[in-house]
> 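The structure is given below, and queries will be raised subsequently.
Keep in mind that what you see is a predicted model, and the values were worked out from it rather than measured.
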Amino acid sequence: MESPQSGSRGAEALKHVVPGSSISVKYHPLFGPHDDLLLLELDEKLLPDVLHERVVLRGQPDEDAVLCTQSKTYAMKFVGTSNSVLLIPPANHSEFCENPQNNDSNKEEEKVVAPVIKVVSGNIELVEAAPRLDKLKSFLLEKTYNFEEYDVENLEDNQESTIGLYSWNDLVDNIQASDEELRSGLQALSAVEINGYWRLVDGSYMDMILGMLLKNSVLNDWSLNALNEDEVVSTLVSDGFPGVLARHCLCTYGTKVNEGMPGCAWKLDEKRVCIHFAREILKGGKRKLESFMDEWRQKVPDEMQPTVNLLEGEVLIERVGVETWIRAFSVASLPSNPAERFTILFRERTKWEWKDLQPYVRDLKIPGLSSEGLLLKYTRRTQPSPDAEPIFSAR
């Protein structure tokens, strides 16, 4: 082990300190609070991202900042310490470089001295957190895209007002989530990029496009399990719909069946199509279950079989006397914050059976907390008998 080098100053002097030995310290000429200097404690797996500048801090002035990598979000928590932690800058750091004229000209130059620039009272810890995506939907709902905006001859050059519209950079600046989590959030909301702005398409407009696609499938004898993308888009464009939304319709209600092969084909997803028509029917309010099922069967394509099981997390079914009613209650409309989510759920119903509650909580992903932990924290479970279904109420 090397011994301390005579005259070493700054953080470099600490590299050569032998265990069990000591080193002299003194106040740096610029000693002070230096609130702009903070210690950040990192997990080893995050070190490469930080060293290669692949992390970013996100948050508005009125929000607690988060640190984001390309794929994850971390809450930042200040943790105080009872020990005195001394911050010693590098000797060659220009900002904190000592002026030799201020030093004694005696033997101090020969001593190993570490100048302390700041006494640190704690450090910042990173805790993996769920992305804060609730603002994303509210932003995109400010101005949904509808058929009145579409200029058939000049969609790409449409100079519409940008008030209430958000580009990718706008979303990155406002949403506390990693890039990957933000893209997943946009996909979950069925958002589409139009003219450089991310938009939600008005439900009635999407209903028109999907309805026209299904009519054309009958007229042209298309199989809903093998829709040719080029043919579908070309036909919908000739019917007056923009090509970008024709493709968006396929992405929203279908899945690719020959990805990577020439002549892209799509298969309409039974669940997504059935949910779409159920939502359209229930926009008018609650319905008697029998009446709803009759209309639902009439609206969906003949190849599809609408069943109530497809509507988990989309509707609530309630018995009133001898009648059974159904009404819209979508998990997509609920906040991602667990405390807020459970508050709304128990405002809707004071008691939930597990089979009814599960669709509304299974999407909650809180790092470090299991689904059982969430239920334990926010609910009270009762079970009248060993054979009975557990009942959950507010804690």
Side-chain angles (χ1 to χ4, degrees), residues 136-137 140 144-147 149-150 155 180 182-195 197-283 295-315 328 330-333 359 363:
L136 178 60
K137 186 174 183 179
L140 299 184
T144 58
Y145 189 91
N146 56 57
F147 66 92
E149 284 191 44
Y150 175 45
L155 176 67
E180 285 188 17
L182 180 54
R183 291 191 187 280
S184 295
L186 289 168
Q187 183 178 3
L189 291 172
S190 297
V192 58
E193 190 175 18
I194 302 175
N195 300 333
Y197 297 97
W198 284 91
R199 311 289 299 273
L200 293 183
V201 184
D202 180 77
S204 298
Y205 196 18
M206 287 299 293
D207 185 55
M208 291 172 58
I209 301 173
L210 178 60
M212 186 61 69
L213 187 157
L214 293 174
K215 287 179 182 178
N216 281 314
S217 71
V218 174
L219 293 174
N220 298 299
D221 197 26
W222 294 341
S223 168
L224 298 185
N225 293 325
L227 293 168
N228 181 281
E229 179 179 312
D230 292 338
E231 187 176 1
V232 170
V233 171
S234 175
T235 302
L236 288 176
V237 168
S238 68
D239 288 328
F241 298 103
V244 65
L245 293 189
R247 289 185 177 84
H248 179 59
C249 182
L250 289 172
C251 292
T252 301
Y253 301 111
T255 54
K256 288 185 178 181
V257 293
N258 66 338
E259 193 168 2
M261 297 175 61
C264 184
W266 294 78
K267 174 183 178 181
L268 287 191
D269 184 272
E270 181 177 70
K271 181 174 182 177
R272 281 183 260 171
V273 172
C274 288
I275 286 176
H276 168 82
F277 286 111
R279 287 174 174 172
E280 290 299 308
I281 295 170
L282 294 175
K283 277 184 178 179
E295 184 174 351
W296 195 24
R297 293 188 188 99
Q298 292 174 11
K299 284 185 174 291
V300 302
D302 293 338
E303 298 93 325
M304 298 182 179
Q305 300 298 320
T307 62
V308 174
N309 291 337
L310 295 175
L311 299 180
E312 278 191 349
E314 291 289 335
V315 301
S330 177
V331 64
S333 66
D363 67 310

> Is Leu250 close to Leu213 at the side-chain level, that is, under 4.5 Å between some pair of heavy atoms?
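Answer yes - side chains close enough.
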
> Check whether Ser238 reaches the backbone of Thr235 with its side chain - one donor and one acceptor, N or O, closer than 3.5 Å.
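Checked: pair present.
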
> If you take all heavy atoms of Ser330 and Glu314, which pair is closest and at what distance?
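Looking at all heavy atoms of both residues, the shortest contact is OG-OE1, 3.4 Å.
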
> Taking all non-hydrogen atoms of both residues, which atom of Val300 and which atom of Cys274 are closest, and how far apart?
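Looking at all heavy atoms of both residues, the closest pair is CG1-SG, 4.0 Å.
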
> Is there a side-chain contact between Trp266 and Cys251 in this structure, where contact means two heavy atoms from C-beta onward sitting under 4.5 Å apart?
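Yes; the side chains approach each other to less than 4.5 Å.
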
> Can you confirm whether Ile194 sits close enough to Leu245 that some side-chain heavy atom of one is under 4.5 Å from a side-chain heavy atom of the other?
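They are in contact (side-chain heavy atoms under 4.5 Å apart), so the answer is yes.
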
> Where do Met206 and His248 land on the side-chain contact (heavy atoms from CB on, under 4.5 Å) test, with the steps shown first?
CA-CA 9 Å; Met206 287 299 293; His248 179 59; 3.9 Å; yes

> Can you see which heavy atom on Ala332 is nearest to which on Lys137, and at what distance?
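Closest pair (atom of Ala332, atom of Lys137, distance): O-NZ, 3.2 Å.
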
> May I have the step-by-step check of side-chain contact (heavy atoms from CB on, under 4.5 Å) for Val232 and Trp222, ending in yes or no?
CA-CA 9 Å; Val232 170; Trp222 294 341; 3.8 Å; yes

> How many angstroms lie between CD1 in Ile281 and CD in Gln298, if you round to the nearest 0.5 Å?
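Result: 8.5 Å between the selected atoms.
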
> Show the nearest heavy-atom pair for residues Gly203 and Glu280, with the distance to one decimal.
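So the two residues come closest at O-OE2, 3.8 Å.
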
> Test your reading of the model: is there a side-chain donor-acceptor pair from Thr252 to the backbone of Cys249, 3.5 Å cut-off?
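No, Thr252 side chain to Cys249 backbone: no donor-acceptor pair under 3.5 Å.
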
> Keeping Asn220 on the side-chain end and Asn216 on the backbone end, is there a donor-acceptor pair under 3.5 Å?
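Indeed, once roles are kept as given, a pair shorter than 3.5 Å links the two residues.
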
> Taking all atoms of both residues into account, what is the closest heavy-atom pair of Gln305 and Glu270, and its distance?
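Heavy atoms of Gln305 and Glu270 come nearest at N-OE2, 2.9 Å.
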
> Should Arg183 and Glu180 count as an ion pair when the cut-off is N to O under 4.0 Å?
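Judged by the 4.0 Å cut-off on N to carboxylate O distance, Arg183 and Glu180 do not form a salt bridge.
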
> Are any side-chain N or O atoms of Lys299 and backbone N or O atoms of Ala278, one a donor and one an acceptor, separated by less than 3.5 Å?
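Judged by distance alone, no pair lies under 3.5 Å.
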
> Out of curiosity, Glu231 CD to Leu236 CG, how far, rounded to the nearest 0.5 Å?
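Those atoms lie 10.5 Å apart.
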
> Once rounded to the nearest 0.5 Å, what's the spacing between atom CG of Asn225 and atom CG of Leu268?
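Result: 8.0 Å between the selected atoms.
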
> What is the distance from atom CG of Leu140 to atom OH of Tyr197, rounded to the nearest 0.5 Å?
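These two atoms lie 13.5 Å from each other.
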
> Say you draw a straight line from CD1 of Ile209 to OG of Ser204; how long is it, rounded to the nearest 0.5 Å?
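Reported to 0.5 Å precision, the distance equals 11.0 Å.
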
> State the CG-CG distance between Asp269 and Leu224, to the nearest 0.5 angstrom.
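Here the interatomic distance stands at 11.5 Å.
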
> Taking the side chain as every heavy atom from C-beta outward, state whether Phe241 and Met208 have any atom pair closer than 4.5 Å.
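Contact flag for Phe241/Met208 side chains = yes.
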
> Answer yes or no: are there more than 12 heavy-atom neighbours, outside Gln187 itself, under 6.0 Å from its atom CD?
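At most 12 heavy atoms, drawn from other residues, nucleotides or ligands, come within 6.0 Å of this atom.
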
> Please tell me if the side chains of Thr144 and Val201 come closer than 4.5 Å, counting only heavy atoms from C-beta onward.
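Heavy-atom side-chain distance check fails, nothing below 4.5 Å.
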
> A side-chain contact here means heavy atoms from C-beta on lying under 4.5 Å apart; do Thr255 and Arg272 qualify?
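With C-beta onward as the side chain, the pair touches.
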
> Quick one: sort the Tyr253 and His276 rings into parallel, tilted or perpendicular, breaks at 30° and 60°.
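Tyr253 and His276: perpendicular rings.
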
> Measure across Pro242 and Tyr205 and return the closest heavy-atom pair with its distance rounded to 0.1 Å.
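Taking every non-hydrogen atom into account, CD-OH, 3.4 Å.
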
> For residues Trp296 and Leu282, determine if any side-chain heavy atom of one lies less than 4.5 Å from a side-chain heavy atom of the other.
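Heavy-atom side-chain distance check fails, nothing below 4.5 Å.
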
> State, yes or no, whether a side-chain contact exists between Val273 and Met304 at a heavy-atom distance under 4.5 Å.
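Yes; the side chains approach each other to less than 4.5 Å.
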
> Heavy-atom count around Lys215 NZ within 6.0 Å, excluding the residue itself: above 12?
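Counting other residues, nucleotides and ligands, NZ of Lys215 stays at 12 neighbours or fewer.
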
